[in-house]
Amino acid sequence: MIKPNGKYPAIEWLPWARFNLHRNPFGELTTDERSELAVVQVDYLIEMIREPKCAVQFVGECGRGKTTRMLKLRSHLPESSYTYIPEQPPCPPIVLGNPILIDEAQRLSRAARRSVFDSGVSLVLATHKDLSRALRKYGYRVHTEHIGKGNSPELVCQLLNRRIEASRLQGGSIPVLSIADAESLVAKYGNDIRSMENSLYVRFQKFLEVEINGGM
Amino acid sequence: MAACDLSIELDEPDRVYLGGDKVEGTVHVTVDSAVKCSGLVLSTVWKTHGRGNVAGDQVQDTTVFSGQWAGGMKYEYRFSLPAGDWPQTYHGEFLSIDHYVEAKAKIPWAFDPKTATPFRVQATQLPSGHESEVSEHHKKSRIPAFIVVVLVAIFVGPQMLRAGWVGATFFLLVVAVVFGYWFIRKFLPRYLLGTPYAYLDENTLAPGGELVGEFATTTRKTVALNAITVILRGTEVCISGSGSNKTTHRNVIFENSQTLQSQATLQAGNESRCSFVFRLPEDAAYSISLNENSLIWTVDVEVDIPRWPDWSKSLPIFVVPSDGQAARSGGERLEADVVSSANQSGQDAQNTAGFVGGDVSVKSAGQLTFAETVAQLWAVRGDREQVEMVVEAVKGISFNIEADVERRLLYAGDEDPHVFKDGYAVWARYPDPQLPMVLYVPHVLGDEFEQLGKRIWKGKGAVVGWDSLHSRLQIKLEAAL
C-alpha cells in the first residue's frame, strides 16, 4: 500500500487517505478544475480568434473533450462569455463577450443563431454537427477541429495522472497510472475519456473496499 | 516550479468539529524566489465529491498576510476559522461530503498556489430551509412522467395530427401506451385492492429512531396475495453532466425489508390492516439535498398480487439530527407565517413590503429600500423557495436601483417577456453584496448604458421576477422623466 510521507500526519478517518488522496480522483470536477487540469494547447486558437469574424468549431461525440477545450479557452480569455445550450428549449440568454463561446451550439434556436452569427464577434462553438456552412453564410472564416482523434495512450496517461495529482492529500507518494494501463484503457474505450473516468471511478472505489498493495 | 508552496497543518486533524467550532492551525509557506503576495487567504468551505456535479459553499474566509515574501524563506501563519454547521461529513459510494480549510496565495500575474486540508464536521441541528429542499427532491421524482404526458399532448399531438393519418396513428399509439401504463400500473391494482393506502405516524426521525406505519385496504372481493412487503431504503442520488449528457447515478446504502403477510387472503368488504415498525440505524446518514447530490430515505410498500399487476407506494422520510425533529415541526409553522407575510406584503402600497428573513423569521413591515431587499435575498440565496417567496413579495415595487453593469446580453432568451421592444438586457450586480441581476433596459436608456463604462448605474426600476437558471434578480428599468 502506498503510504503518505512520514512527516505528515495520517488522516485515518478519510477513506482515500490510505492512497494519500483526499477524494476519488475520477469523480466529477468543478468547471474551474476541469479547465486547470485540461491537457490541451489553446495558444494558437487564441491567436486565431483575435482576428475579427473568426469562428472555431470543435466537432465530436460526447466525452471526447469539447467542453474541456471550451473551459480552458474561457479561463484564458477574461472578456469571453460562455453559454451552454440545454437539450430542452427555451434557448437561454447569450451574453455578449469577446469571443462568444457556445457549448452544444447545434441546439441554438433559429432566433438565437441569427443574433449570434449576425453579431460579427469571434465565436468558439462546441457542436455535434458541422456548422461551417451557416457560419460562412454570415461571413465567418471557419476553423474546424475534430475532437477525440488525438486521444492517444500517452495523452490519456498524462491527463488521468493530472487528475490523481489534483486529488493529492499531502506531500509524499501518490498512485500513478502507467502507460500500459492507459493503453489498455484506450484499447477498451477508444477515445472516450469520460467512459475511462467512469470506469476508473468504480475501480478506485473497489480499491477502498479491498485493500490492494502497490500502485493502481 | 511554483514561486511558493503552501501546506496546512491543523492543530487537531482527527477532531470532530461541531458547527461554529473554531478550526485552528498553521499555514506553512515555502518560498523559492522573492514574490509579492497580494493576499494569503484562508477559508473554511464544504464540497461534495463523487459522481454528482460538485456542490459547495464557503463558510468564512480571512486574509492572514499580504506583502513581500523573500526567496529561500519559510513562513508560518496561524489561523482560526469557524467550521460550518451543515452538511455533515459523509463518505459514500457515489456521494461524499467534506469540509476543508483552503489556503490560496494571490500572486499577481501568475497562477495562485493553493492547498486544502479536510476536517470532520458533525451536524447537531437542521439548518433552516433544509427540509423543504429534501421534500422538493421527493416531489421532483414525480415530475418527469407528468411533463412527458403534457408535452406530448400539447406540442407533439397537434403536429402529429397535422401530419395526416400516419401522424394521427402514431399519436394515438403514444396515447394508448400512456393510457395502458396508467391502466396496468395504477388502475388494475386499485381495482382489485379497493382503496389501498399506506402511511407513517411520523416521517421525520433522528438516527436510531423508531419508524411506525401501517398499510390498510378494504377489497371489493376476496383477494389472495403472494406478499405484502415493506422496505426501508436509503439511497444516494447524484446527477452528473447536464442536458443530453445528464446521467443520474443511484446507490442504495441501506435496505431493510419486512414481509408483513405472505400467502394471505383479504376477505371482501373487511378492512385489512398491517402495521410495521422499523428502527433506523444508529449511524444512519442524514437526508441531504445539495443541488444535484441527494441522500434520500423512503419506505416502499409493495403488494404482490398473483397473475395481476402489483401495487406499490413510496413514502419519503427525513432523517435529521435529533435537534432537527423539533425544529422541523416548528419550521412548518414558521413557513406558514412567511407565506402569510409575503401575501400580505404583495398587497402593500408601492415601496412598502412585509418581509421574510434569512432565518425564516418575519421582520416588521416598513419602508423598504432596494439595499434591504438585496440584503434579504443575499441572506437566503441558497434556498430557492425562500428566494422566490421574497421576490414574490416585492414584485412590481419600484426602487431606486444601483447596479454595477457586467455584460450586455446578445440574445435575451426565447421566452423572456420582460425585454422592451427595441430595448435589450444586461447582466449586472448590486455593488455590495454583489447580488446578480438582469436589468431590462428600455430603448431610451440605450445610449446612457453604452456610455456608462465601468461606473455604477443609478436609476429607477421595478422587480419583475427571479431568473432561477442564472440566480439573478430581474428588474425592469424605468426611463427618467
Side-chain angles (χ1 to χ4, degrees), chain A residues 8-17 22-31 33 36 62-63 67 79 81 83-97 100 103-104 107-109 111-116 118-119 121 128 167-171 194 198 201-202 205 208-209, chain B residues 5 7-10 13-14 16 47-56 89 91-96 98 100 111 115-120 147 151 238-247 249 292-293 406-416 419 424-427 438 467 469-470 472:
Chain A
Y8 297 94
I11 301 177
E12 299 291 343
W13 54 269
L14 192 69
W16 304 273
H22 64 80
R23 64 179 177 194
N24 185 323
F26 306 107
E28 288 295 312
L29 302 174
T30 62
T31 50
E33 283 175 312
E36 276 173 34
C62 295
T67 301
E79 293 296 309
S81 69
T83 308
Y84 174 86
I85 312 295
E87 195 170 18
Q88 299 297 334
C91 184
I94 295 167
V95 181
L96 185 61
I100 297 170
D103 206 346
E104 302 286 358
R107 296 180 189 152
L108 279 168
S109 66
R113 186 192 281 203
R114 194 169 50 241
S115 298
V116 172
D118 217 14
S119 69
V121 179
H128 292 271
S167 303
R168 172 189 284 281
L169 179 62
Q170 48 201 0
R194 191 174 301 154
N198 289 342
Y201 182 93
V202 175
Q205 285 301 118
L208 295 177
E209 290 159 21
Chain B
D5 272 329
S7 64
I8 295 168
E9 190 183 345
L10 298 182
D14 292 323
V16 178
K47 280 181 197 169
T48 64
H49 53 97
R51 304 223 67 172
N53 294 332
V54 179
T89 299
H91 297 137
E93 181 79 11
F94 286 178
L95 168 66
S96 293
D98 273 305
Y100 301 88
F111 282 108
T115 188
T117 290
F119 61 92
R120 256 186 304 183
I147 287 177
L151 283 178
C238 302
I239 296 170
S240 64
S242 57
S244 55
N245 299 328
K246 188 182 268 189
T247 310
H249 311 272
E292 289 162 318
N293 300 274
E406 296 172 298
R407 294 282 175 90
R408 179 178 166 171
L409 295 188
L410 190 62
Y411 174 75
D414 278 346
E415 292 171 1
D416 196 331
V419 181
Y424 58 86
V426 297
W427 276 4
V438 191
D467 174 0
L469 183 65
H470 301 98
R472 286 175 182 269

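Numbered from 1 within each chain, the chains take letters A, B, ... in sequence-line order. Keep in mind the model is a prediction, meaning the values are calculated, not measured.
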**Fill in**
Closest non-hydrogen atoms of A:Ser81 and B:Arg407, given as atom of the first, atom of the second and distance, are CB-NH1, 3.5 Å

**Message:** For B:Pro13 versus A:Trp13, what's the shortest heavy-atom pair and its separation?
**Reply:** O-NE1, 3.1 Å

**Request:** Take B:Thr247 and A:Asn198 through the side-chain contact (heavy atoms from CB on, under 4.5 Å) test and state the conclusion after the steps.
**Result:** CA-CA 11 Å; B:Thr247 310; A:Asn198 289 342; over 6 Å; no

**Item:** Least distance between heavy atoms, B:Gly241 atom then A:Glu28 atom
**Value:** N-OE1, 4.3 Å

**Complete:** Among B:Val54, B:Val16, B:Leu10, B:Val426, the residue with the most heavy-atom pairs under 4.5 Å to chain A is B:Val54

**Asked** Side chain, backbone, both or neither: which part of A:Leu29 has an atom under 4.5 Å from a heavy atom of chain B?
**Response** backbone

**Item:** Separation between CG of B:Leu409 and CD1 of A:Ile94, rounded to the nearest 0.5 Å
**Value:** 9.5 Å

**Message:** Is A:Arg168 close to chain B through its backbone or its side chain, or both, or neither, when contacts mean heavy atoms under 4.5 Å?
**Reply:** neither

**Straight-line distance of A:Arg23 CZ to B:Ser96 OG, nearest 0.5 Å** = 11.5 Å

**Prompt:** For A:Val121, is it the side chain, the backbone, both, or neither that has a heavy atom closer than 4.5 Å to a heavy atom of chain B?
**Reply:** neither

**Prompt:** Run the side-chain contact (heavy atoms from CB on, under 4.5 Å) check on B:Asp98 and A:Trp16 step by step: do they pass?
**Reply:** CA-CA 12 Å; B:Asp98 273 305; A:Trp16 304 273; 4.3 Å; yes

**Request:** Identify the two heavy atoms, one from B:His49 and one from A:His22, that lie closest to each other, and give their separation to 0.1 Å.
**Result:** CE1-O, 3.9 Å

**Prompt:** How long is the span from the OG1 atom in B:Thr117 to the CG atom in A:Leu169, to the nearest 0.5 Å?
**Reply:** 7.0 Å

**Item:** Note, A:Leu14 side chain near B:His91 side chain (heavy atom, < 4.5 Å)
**Value:** yes

**Asked** Looking at B:Glu93, B:Glu406, B:Arg51, B:Lys47, which one has more heavy-atom pairs under 4.5 Å with chain A than the rest?
**Response** B:Arg51

**Asked** Given a strict heavy-atom distance threshold of 4.5 Å, which part of B:His470 is in contact with chain A: side chain, backbone, both, or neither?
**Response** side chain

**Request:** Measure A:Thr31 against the heavy atoms of chain B and call it side chain, backbone, both or neither at under 4.5 Å.
**Result:** neither

**Side chain, backbone, both or neither of B:Phe94 within contact of chain A (heavy atoms, under 4.5 Å)** = both

**Request:** Give, as side chain, backbone, both or neither, the part of B:Thr89 having an atom under 4.5 angstrom from any heavy atom of chain A.
**Result:** side chain

